[in-house]
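Numbered from 1 within each chain, the chains take letters A, B, ... in sequence-line order.
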2 protein chains.
Amino acid sequence: MHSKRLSRPMGRSEQLLFLTDEQLRQGIELMFFAYRGFTADPDRILENYAYGRAHHRAIHFINRTPGLTVNDLLDILGVTKQSLNRVLRQLVTDGLVESRVGTQDRRQRNLYLTDEGIALERELSAAQRARMRKAYSNAGPEAVHGFRTVLEQMIDPAMREKLLNEGGGS
Amino acid sequence: MHSKRLSRPMGRSEQLLFLTDEQLRQGIELMFFAYRGFTADPDRILENYAYGRAHHRAIHFINRTPGLTVNDLLDILGVTKQSLNRVLRQLVTDGLVESRVGTQDRRQRNLYLTDEGIALERELSAAQRARMRKAYSNAGPEAVHGFRTVLEQMIDPAMREKLLNEGGGS
DNA sequence: CTTGGAAAGTCAACAAGACTGACATAAACT
DNA sequence: AGTTTATGTCAGTCTTGTTGACTTTCCAAG
């Protein structure tokens with residue numbers, strides 16, 4: 001255990017980390033309320049389009065990695081193909097997502113946002129980034145680093161590896 | 001780390017915080033994946049009881065504040081009373097929650113966990129605390145402080161006030 | 001005291017978005 | 001040729017949200 005030293009004197013590591021059940025409970029509730037705040041803005045926007053969080057997630061990751069396959073998206077989102085397919089079909093029908101037959105492997109479908117899809121993605125991510133930016137600014141750079149460090153630890157190990165194999169940590 | 005160039009000169013705080021869209025996007029995805037990890041353990045446990053996340057939330061907050069009214073819980077959870085009522089009815093029927101008619105105002109119902117309810121709450125929160133404890137330990141005390149600071153900033157202001165009026169600062 | 005409105009809670013019906021299972025098609029692999 | 005893989009679809013179920021209509025209880029104005 002790599003324990004960072006604090007400026008003030010401390011006892012055992014439990015004390016250092018304030019790992020009482022009460023402290024942990026506060027952390028748990030913080031996650032709950034913060035996640036709700038985090039999704040509030042996009043949820044409001046999506047109501048105007050008769051879409052839901054599922055559509056947002058699909059749009060987000062297609063935007064991040066244009067040309068990814070349905071299977072790639074399935075791995076990221078962790079839902080069933082039937083569930084994803086309903087959402088994807090709507091987005092393709094509505095002209096927000098384009099599904100092109102793969103070039104090397106023609107069983108695959110490569111997914112891309114259309115101009116309209118890009119426009120919605122911008123609207124959604126702008127709102128979410130604004131909230132994130134405000135939270136970061138108010139908290140300060142040291143806090144942001146800690147925020148990221150703890151959150152990374154909370155991700156399921158298998159998923160964390162996948163992310164590191166592409167996103168490239170800071 | 002590929003640093004993006006901005007079109008305008010950065011203000012001091014922005015420079016410090018690296019608030020590029022790419023950095024913010026990483027924060028957004030971190031929230032998404034971390035929240036999924038955060039709820040994974042309870043979700044697994046709840047399957048054995050044919051309950052869902054909604055039941056977990058109700059149980060959690062009844063345990064935290066025994067005797068709270070349905071309206072109190074409604075304010076915390078931010079769902080409709082009809083939605084909460086279904087969940088609550090199941091829990092009462094199954095003998096995990098007791099609903100006592102209010103003493104001063106008999107329209108109200110004060111909610112308490114039964115021994116069985118307390119047992120399930122323990123099982124769920126033990127799993128969640130274990131994950132939180134591990135994340136905290138791996139990240140270190142300074143990171144934990146930053147984590148809490150940023151998350152607090154992400155909560156909707158109205159909700160944050162409510163929490164401060166009871167939970168007390170760290 | 002009565003009455004009318006507001007508040008708390010309940011019942012019923014419906015919708016979004018997860019799930020499973022079965023099956024179809026096309027392409028790739030062996 | 002036969003099997004596996006990638007994708008898509010149909011049908012049905014479950015959880016958990018929603019709205020609308022309703023009862024019971026409380027309180028306050030007449």
How long is the line joining NE2 of B:His56 and C1' of D:dT15, in whole Å? 16 Å
Got a donor-acceptor pair under 3.5 Å from the side chain of B:Arg86 to the base of D:dG17? yes
No-H, no-angle donor-acceptor pair, A:Arg107 side chain to D:dT5 base, under 3.5 Å: yes
Write down the distance between CZ (A:Arg100) and C1' (C:dA26), rounded to a whole number of angstrom. 21 Å
Of the listed nucleotides D:dG17, C:dA22, C:dA18, the one nearest the side chain of A:Lys81: C:dA22
Separation of atom CG in B:Leu46 from atom P in C:dA18, rounded to whole Å: 18 Å
Of A:Tyr51 and B:Val70, the one whose closest DNA chain C nucleotide lies more 5': B:Val70
Would you please indicate yes or no on a ring centroid separation below 6.0 angstrom for B:Phe32 and A:Phe61? yes
Base of C:dG9 paired with side chain of B:Gln82 (donor-acceptor, under 3.5 Å): no
Quick one: A:Leu74 CG to D:dT5 P, roughly how many Å, whole number? 15 Å
Parallel, tilted or perpendicular for B:Tyr51 and B:Tyr49, by the 30°/60° rule? parallel
Proximity of A:Tyr136 and A:Phe147 rings by center, below 6.0 Å: yes
Taking the side chain of A:Ser83 as its heavy atoms from C-beta onward, which of C:dC19, D:dT7, C:dC11 lies nearest to it? C:dC19
Phosphate-side-chain proximity, A:Asn71 and D:dT7, N/O vs OP1/OP2 below 4.0 Å: yes
Does this structure show an ion pair linking B:Arg129 with A:Asp21, if we count only N-O contacts that are shorter than 4.0 Å? yes
Whole-Å distance, B:Gln108 CD to D:dT25 C1', equals 11 Å
Find which nucleotide of DNA chain C each of A:Arg53 and A:Gln104 is nearest to by heavy atoms, and output the residue with the more 5' nucleotide. A:Arg53
Could you tell me if the side chain of A:Val150 sits less than 4.5 Å from the side chain of A:Gln153, heavy atoms only? no
Using a cut-off of strictly less than 4.0 Å, decide whether A:Thr80 has a side-chain nitrogen or oxygen near OP1 or OP2 of C:dC19. yes
Establish, with yes or no, whether the OP1 or OP2 oxygen of C:dA27 is under 4.0 angstrom from a side-chain nitrogen or oxygen of A:Arg109. no
Between C:dA16 atom P and A:Glu47 atom CD, what is the distance in whole Å? 12 Å
With a non-hydrogen cut-off below 4.0 angstrom, is A:Gln90 in contact with a base, only sugar-phosphate, or nothing? nothing
Pairing of B:Arg53 and B:Asp43 as salt bridge, 4.0 angstrom limit: yes
Of all the nucleotides listed (D:dT16, C:dG21, D:dT7), which has the minimum atom distance to the side chain of A:Thr69? D:dT7
For B:His55 and D:dT16, is the shortest distance between a side-chain N/O and OP1 or OP2 below 4.0 Å? yes
Rounding to a whole Å, what distance do you find between B:Arg106:CZ and D:dT25:C1'? 8 Å
Whole Å only: how far is the CG atom of A:Leu84 from the P atom of D:dT7? 10 Å
